[in-house]
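None of these values were measured; they are calculated from a predicted model.
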Amino acid sequence: MKRNIVIAVVTAAALVGGGTATALAVSGDDDDASTPVTRTDDDRDDRDDRDDRSDDGGDSDDGDRAAAPGDVTAADAIAAALKHTPGTAVSAELDDGSWEIDVLGKGDTWHSVRVDPGTGKVLGSSKDDEDDAAEVRAALKGTSVTAEQAAKAAAAKGTVVAVDLDDDGDDRGWEAETRASGGDGQDWSVGLTTASVTADRDDD
């Protein structure tokens, strides 16, 4: 008696093009020839790619952390920079995940010192020759408030993220930028002789 027989046999399992290839031989009537069907499973590659991205931690908020200071204050960063590179600190700014302090050394030599905002360690420094050293020295002549002291004074208004010398005309002084806990910024002027802190009238 003629019967229909269906036989499924796994004839091969091999890696083809990075996927799993499975061959199935399916037979109908006895007189029919077996027809192989090949299916390539590339989903494994997709899963591997997703696993690799997952291992990297997914979305990162490093950018947000980089914009916020750590335990090292602006004043601390300036002190660390001057200990590493003696001179006169003229500015300090939290930039790209580290404090960057500009130090005027001997003659016209400028040093840019980077300080870790989490540990206070000096990450590195570079040297430049600028032509405004004489102007900066003239602006600071007869003053008593350093950049470090200005940063400490401005810290009473919020977290200091930048301090810079404004040597323009009669409005000479330290400029400081603070950030509140909510992220709002505010600019301040700090006196070169009294360390008095007032809101920057040019700040919007």
> Is a donor on one side and an acceptor on the other found under 3.5 Å between the side chain of T119 and the backbone of K121?
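Yes, T119 side chain to K121 backbone: donor-acceptor pair under 3.5 Å.
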> With side chains defined as the heavy atoms from C-beta onward, is the minimum distance between R114 and V122 less than 4.5 Å?
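No. Closest side-chain heavy atoms not under 4.5 Å.
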> Identify the heavy atoms of A195 and A153 that sit nearest to each other, and give their distance.
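A195 and A153 have their closest heavy atoms at O-CB, 3.7 Å.
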> Using the test salt bridge (Lys or Arg N to Asp or Glu O under 4.0 Å), find all partners of E148 that sit at least two apart in sequence or belong to another chain.
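E148 satisfies salt bridge (Lys or Arg N to Asp or Glu O under 4.0 Å) with K152 only.
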> How far apart are the closest heavy atoms of V190 and A154, and which atoms are they?
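Looks like CG2-CB, 4.4 Å.
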> Do L165 and W174 have side-chain heavy atoms sitting under 4.5 Å apart?
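In short, these two side chains touch, coming nearer than 4.5 Å.
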> Could you please spell out the steps behind the side chain to side chain contact (heavy atoms under 4.5 Å, CB included) verdict for W99 and D116?
CA-CA 6 Å; W99 284 106; D116 190 307; over 6 Å; no
> Using 0.5 Å steps for rounding, measure from the CG atom of D132 to the CG atom of L104.
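The CG atom of D132 sits 8.5 Å away from the CG atom of L104.
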> Would you compute the distance between atom CG of L94 and atom CD of E177 and round it to the nearest 0.5 angstrom?
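Reported value, rounded in 0.5 Å steps: 10.0 Å.
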> Looking only at non-hydrogen atoms, find the nearest pair between S91 and D164 and report the distance.
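Nearest pair, atom of S91 first, then D164: CB-OD1, 3.3 Å.
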> Do you know the tightest heavy-atom contact between T193 and T143?
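Residues T193 and T143, closest heavy atoms: CG2-CA, 4.3 Å.
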> How far apart are the C-alpha atoms of S112 and E100, what are their side-chain angles, what is the distance that settles it, and do they pass the side chain to side chain contact (heavy atoms under 4.5 Å, CB included) test?
CA-CA 6 Å; S112 179; E100 184 172 328; 3.2 Å; yes
> So, E175 versus S189: side-chain donor-acceptor pair below 3.5 Å or not?
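Per modelled atom types, E175 and S189 side chains form no pair under 3.5 Å.
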> Show me the donor-acceptor pairs, under 3.5 Å and distance only, between side chains in residues 133-141 and residues at least two apart or in other chains.
from	atom 1	to	atom 2	distance (Å)
R137	NH2	G105	O	2.5
R137	NH2	G107	O	2.9

> Could you state the interatomic distance from NE2 (H111) to NZ (K106), rounded to the nearest 0.5 Å?
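Reported value, rounded in 0.5 Å steps: 9.5 Å.
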> Starting from the C-alpha separation in whole Å, work towards a yes-or-no answer on side chain to side chain contact (heavy atoms under 4.5 Å, CB included) for D108 and D131.
CA-CA 7 Å; D108 294 339; D131 58 3; over 6 Å; no
> Report the distance from atom OG1 of T146 to atom CD1 of I78, rounding to the nearest 0.5 Å.
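Rounded to the nearest 0.5 Å, the OG1-CD1 separation comes to 7.5 Å.
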> Could you tell me if the side chain of R179 sits less than 4.5 Å from the side chain of D184, heavy atoms only?
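A side-chain contact under 4.5 Å is absent here.
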> Could you report the tightest heavy-atom contact between A75 and A151, atom names first, then the distance?
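Nearest heavy atoms, A75 then A151: N-CB, 3.9 Å.
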> Please step through side chain to side chain contact (heavy atoms under 4.5 Å, CB included) for the pair T85 and L82, ending with a clear verdict.
CA-CA 5 Å; T85 305; L82 291 178; over 6 Å; no
> Answer yes or no: are there more than 12 heavy-atom neighbours, outside D128 itself, under 6.0 Å from its atom CG?
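Counting neighbours around CG of D128, more than 12 heavy atoms of other residues, nucleotides or ligands fall under 6.0 Å, so yes.
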> If you look at every heavy atom in A89 and A147, which pair is closest and at what distance?
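Minimum heavy-atom contact is O-CB, 3.6 Å.
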> How long is the span from the CG atom in L192 to the CZ atom in R172, to the nearest 0.5 Å?
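Reported to 0.5 Å precision, the distance equals 6.5 Å.
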> Any side-chain heavy atom of I101 sitting closer than 4.5 Å to one from V115?
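Yes, their side chains come closer than 4.5 Å.
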> Does one side chain, of T178 or W188, offer a donor that lies under 3.5 Å from an acceptor on the other?
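Yes - a donor-acceptor pair under 3.5 Å links their side chains.
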